[in-house]
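Numbers for residues simply follow the sequence, beginning at 1. Hydrogens, waters and symmetry mates are skipped; everything else that's a heavy atom, side chains included, is used.
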Amino acid sequence: MDPTLIALASTGGTAVVSAMATDGWNTLRSGVVTLWRQFRPDSAGELERDLDTTRSTLLATPASDAEQVRQALQSAWQGRMLTLFLEDPAAAAAFEALLSRLEDVDSRRTSTSFHAEARDHGRVYQAGGNQFINEP
């Protein structure tokens, strides 16, 4: 078995489940559904329902069980991805391209720029993360 496909399936399953609780979920979901329609059109509807069910399960899980449930869901999606990639290696290449596009979008979305102007003894404090100011 190709270790590259195994690694990509692992990354894919993790990406799908990790994105479920983020703002990027709809974009990733759409990309995965498009991928399935291209390589497994007969099961795309089932995949959509399974994605929605998995997300609902994850979001409804109590915090005390969240890690265990997340890992189980990731394993399930990793297996599903691996099966697809083994049946059609072109699907692996298409999924890799999808992940690359999403990473490009995320990197542009998370870039931060600041502009400030202080006047008349004013001060400006800007931070892209935590900022602690200790003044008497």
Query - Atom pair CZ (Arg70) and CG (Asp65), whose distance is rounded to the nearest 0.5 Å - result: 13.5 Å
Query raised in the report: Within the distance-only criterion (no hydrogens, no angle test), does the side chain of Thr22 pair as donor or acceptor with the backbone N or O of Ala19 below 3.5 angstrom?
Result: yes
Requested in this report: State, with a plain yes or no, whether a side-chain heavy atom of Glu96 is found less than 4.5 Å away from one of Thr11.
Outcome: no
Requested in this report: Assign the ring pair Phe85 / Phe95 to parallel, tilted or perpendicular, where the plane angle (0 to 90°) is split at 30° and 60°.
Outcome: tilted
Query raised in the report: Are the side chain of Ser56 and the backbone of Asp52 linked by a donor-acceptor contact shorter than 3.5 Å?
Result: yes
Requested in this report: Taking the side chain as every heavy atom from C-beta outward, state whether Leu47 and Arg80 have any atom pair closer than 4.5 Å.
Outcome: yes
Query raised in the report: Is there a side-chain contact between Val32 and Leu28, using heavy atoms and a 4.5 Å cut-off?
Result: yes
**Report entry** pair Leu98-Thr34: side-chain heavy atoms closer than 4.5 Å
**Finding:** no
Requested in this report: Kindly indicate whether the side chain of Arg29, heavy atoms from C-beta on, has any atom under 4.5 Å from the side chain of Glu48.
Outcome: yes
Query - Leu51 and Trp36, any side-chain heavy atoms less than 4.5 Å apart - result: no
Query - Distance in Å, Arg49 CZ paired with Thr54 OG1, rounded so as to fall on 0.5 Å steps - result: 12.5 Å
Query raised in the report: For the atom pair CH2 (Trp77) and OG (Ser18), what is the distance rounded to the nearest 0.5 Å?
Result: 13.5 Å
Query - Heavy-atom donor-acceptor pair, Thr61 side chain to Thr57 backbone, under 3.5 Å - result: yes
Query raised in the report: Would you say the side chains of Gln71 and Glu67 form a donor-acceptor pair under 3.5 Å?
Result: yes
Query raised in the report: Considering only heavy atoms from C-beta outward, does the side chain of Glu87 approach that of Arg40 to under 4.5 Å?
Result: yes
Query raised in the report: Roughly how far apart are Gln74 CD and Met20 CE, rounded to 0.5 Å?
Result: 9.5 Å
Report task. Using atom types as modelled and distance alone, determine if a side-chain donor or acceptor of Ser10 lies under 3.5 Å from a backbone N or O of Ile6. Result -> no
